[in-house]
Q: 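After the structure tokens below, expect a handful of questions from me.
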Amino acid sequence: MFNYVVRRLIMLIPVLFGISLLVFLVLHVFTVDPTSVILGQHATEEKMQALREELGLNDPLPVQFGRYISGVVHGDLGRSLFTRAPVMDEIAARFPATLELTLAALAIAVIVGVTVGIISAVKQYSWLDYLSMFGALAGVSMPIFWLGLLLIDVFAVRLGWLPISNRLDPGVNMTVYTDIYLIDGLVHGIKTTFSQGFQLANWYPLGNAFKHLIMPAMALGAASTAVIARMTRSSMLEVIRQDYIRTAWAKGLGAKTVVLKHGLKNALIPVITVSGLQFGSLLGGAVLTETIFSWPGVGSLTFMAIDHSDFPLVQGTVLVSAAVYVLVNLIVDILYAFIDPRIHYS
Amino acid sequence: MSNVQLANKQTVSEGAHISLQLWRRFYQNKSAVLGLGIFLFMLAVAVMAPFLAPQDPLATDMAHVLQQPSALHWFGTDQVGRDILSRIVYGARLSLFVGVIAVGISLVTGTVLGLVAGFFGHKTDEIIMRFMDILLAFPSILLAIAIMTGLGRGVGNAMIAIGVVGVPVYARLVRGSVLTLKGNEFVEAAVAVGAGRMRIIAKHIFPNVAAPLIVQATLGMSTAILEAAALGFLGLGVQPPQAEWGDMIAQGRRFIYNAPYMIYFPGLAISTTVLGLNLFGDGLRDILDPRLKK
């Protein structure tokens, strides 16, 4: 197992190198001259030439790539053309917000998806099954940004229940430890409860952070919910026809034990893979969701970077997202061995 | 009648029989028929857009901006008084066109790469598949965004970006099938009678990969339409004033408080088209490639 993990980690190196090379080529071979973005279209040729020299854009492409990859290895992704801040700092500052949003979306997707999938499989060919599966199909057919706007229209504009943007209401104060506001809000609540006794106000930041998170997480997680529900259903249907399930029924075990303990445990294995893979589409979807809900994460940073033609920033956000995606896939693969003892890695 | 003629006649009638059987099975699948119906409807709307659209989709009318849906403007008007229904009708042309071309790019490139990788194996296979792994290492919409940022905005580049993103799916699918088929007796027989590599690939292997490819292409088109809409929404796809569904939603977003219908109808158009393609694709898969039924 240890050898397998080490081998997989080593195999990541060429993949990450390939990702860096591809992003570099796409953005360096085809893009317009970044100097015109920095200096504007009316800058003199001399100024542009000087800046090109300063940024090393006159060097041959392999030299530029060498410089770039050496920077990547050292955690230096260049500077934003727009803010002039290091790209890595910009991404690091916004990453916790994206992590919180994607994890919340994944949690919704797994909880709702698995529940709906089980009910559908157990009640196969019932109206509940048809309704759930039609809902799942509709879920994968809806553009994420449209669903987000519909949620805003209903829950924010019409009902006024949920906030439309950002992570907290202005004026809500709490100490930030992790930058994941649900955790920070929880810590704030516990700490203030210990020092001041139980007051509803102590938990206000947590509640507020939660209220801000609901709609973006729902919009982002909808398509994944649908995928997981479909996967759980088909996996459960396959499992509940197995001999050992029939034996469990024959032994006179209750439906809850048969379905949840004997069936679900085995049916969940492919569901875990699919859930892990969903993480990638959630990272991609975050660009759209964060843009709609003004969520200050890496996704909205990517959108801003595209809007300002800030190539180093686009390059950095895409690179980091791909690297996270690859890492998550690796973790899912390794988790496999722990969950399913039938799988042996050598 | 010679034996050869008789055998040919039998093959033809067998082929017709299988087609009829497949059609019957498809026809019994109500959701697949509904999906095909929706897709054909959208296709008809796209083809007949100039006859169906009540007004010019680009004609502005500042005296009638942000009009609620009414008898005159069924889906209302936008911020410069353009008829939303007409824009949706014309938008169907663009969305389906982008979907078809993008899937075409993925399908052709992926199939060729998959056939070559699977058939030739060794180093060729290694190089092609490692490159596919790298493409798969990106969340698809992010890779499309990176390519678009590189190539520049516009509908043509959007098709290329979406097409490139889809290539690995087809390449892996075809390669997998080729590897399975390569060891079959009919391929060995073709080699034994001296058939060339290209002939074996084109005449013996490709026809056997066609069914899962058709299924994947149908489902891939729904993804392509969603991705095209997302690029349009981000302002990377079609440029104004052209009518594109994703861009229409992006425009409507600014008027969500006083004219929410601006986002309802284009979103409904995207969702309906994609739902139709998904239903149709699912049905096709059940008939043509039951192994993929998961």
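Protein chains get the first letters and strands the later ones, always in sequence-line order, with residue 1 at the start of each. Please read all numbers here as calculations on a predicted model, not as lab measurements.
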Q: Examine whether an atom of B/Arg130 lies under 4.5 Å from a heavy atom of chain A, and if so say whether it belongs to the side chain, the backbone or both; otherwise answer neither.
A: neither
Q: Could you tell me which non-hydrogen atom of B/Val165 sits nearest to which non-hydrogen atom of B/Ser140, and how far apart they are?
A: CG1-CB, 3.3 Å
Q: For the residue pair A/Ser275 / A/Gln278, report whether a side-chain donor-acceptor contact shorter than 3.5 Å exists.
A: no
Q: Testing the 3.5 Å rule here: is there a donor-acceptor pair between the side chains of B/Arg285 and B/Thr218?
A: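 No donor-acceptor contact under 3.5 Å links the two side chains.
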Q: Would you mind checking which part of A/Ser235 comes under 4.5 Å of any heavy atom in chain B, side chain (CB onward), backbone (N, CA, C, O), both or neither?
A: neither
Q: Which pair of heavy atoms, one from A/Gln315 and one from A/Phe24, lies closest together, and at what distance?
A: OE1-CA, 4.1 Å
Q: Kindly compute the distance separating CD (B/Gln239) from CG (B/Asp247), expressed to the nearest 0.5 Å.
A: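 Taking CD in B/Gln239 and CG in B/Asp247, the distance rounds to 8.0 Å.
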Q: Using non-hydrogen atoms and a 4.5 Å limit, figure out which bit of B/Phe131 sits close to chain A: side chain, backbone, both or neither.
A: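 B/Phe131 touches chain A through side-chain heavy atoms alone.
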Q: Answer with side chain, backbone, both or neither: which region of A/Ile164 has an atom nearer than 4.5 Å to a non-hydrogen atom of chain B?
A: side chain
Q: As an exercise: rank A/Ala286, A/Gly299, A/Pro143 by heavy-atom pairs under 4.5 Å with chain B and give me the winner.
A: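 Heavy-atom pairs under 4.5 Å are most numerous for A/Pro143.
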Q: At a heavy-atom separation under 4.5 Å, does B/Leu268 approach chain A through its side chain, its backbone, both, or neither?
A: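 Answer is both: backbone and side chain atoms of B/Leu268 are under 4.5 Å from chain A.
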Q: Can you measure from CG (A/Leu327) to CG (A/Leu16) and round to the nearest 0.5 angstrom?
A: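 Going from the CG atom of A/Leu327 to the CG atom of A/Leu16 covers 7.0 Å.
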Q: Relative to chain B, which segment of A/Ile292 carries a heavy atom at a distance below 4.5 Å: side chain, backbone, both, or neither?
A: both
Q: Which one of A/Asn329, A/Leu237, A/Thr302, A/Leu288 has the most heavy-atom pairs closer than 4.5 Å to chain B?
A: A/Leu288
Q: Checking A/Arg158 against chain B: side chain, backbone, both or neither under 4.5 Å from a heavy atom?
A: side chain
Q: If we check side-chain contact (heavy atoms from CB on, under 4.5 Å) with B/Ile134, which of these qualifies: A/Leu22, A/Val326, A/Val23?
A: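 That would be A/Leu22; it is the only one of A/Leu22, A/Val326, A/Val23 passing the side-chain contact (heavy atoms from CB on, under 4.5 Å) with B/Ile134.
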Q: So, B/Arg254 and B/Asp78, do they make that salt bridge, N to O below 4.0 Å?
A: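 No salt bridge links B/Arg254 with B/Asp78.
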Q: Rounded to the nearest 0.5 Å, what separates atom CZ in A/Arg233 from atom CD1 in A/Ile118?
A: 13.5 Å
Q: Please classify the contact of A/Val140 with chain B as side chain, backbone, both or neither, using a heavy-atom distance under 4.5 Å.
A: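 Both parts, backbone and side chain.
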Q: Looking only at heavy atoms and a cut-off of under 4.5 Å, which of A/Val314, A/Val318, A/Leu149 has the most pairs with chain B?
A: A/Leu149
Q: Who among B/Asn278, B/Asp133, B/Ile141 has the most heavy-atom pairs with chain A under 4.5 Å?
A: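 Of the options given, most contacts go to B/Asn278.
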Q: Of the backbone (N, CA, C, O) and the side chain (C-beta and beyond), which part of B/Leu143 lies under 4.5 Å from a heavy atom of chain A, both, or neither?
A: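 Just its side chain gets close to chain A.
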Q: Does any backbone or side-chain atom of A/Val15 lie under 4.5 Å from a heavy atom of chain B? Answer side chain, backbone, both or neither.
A: both
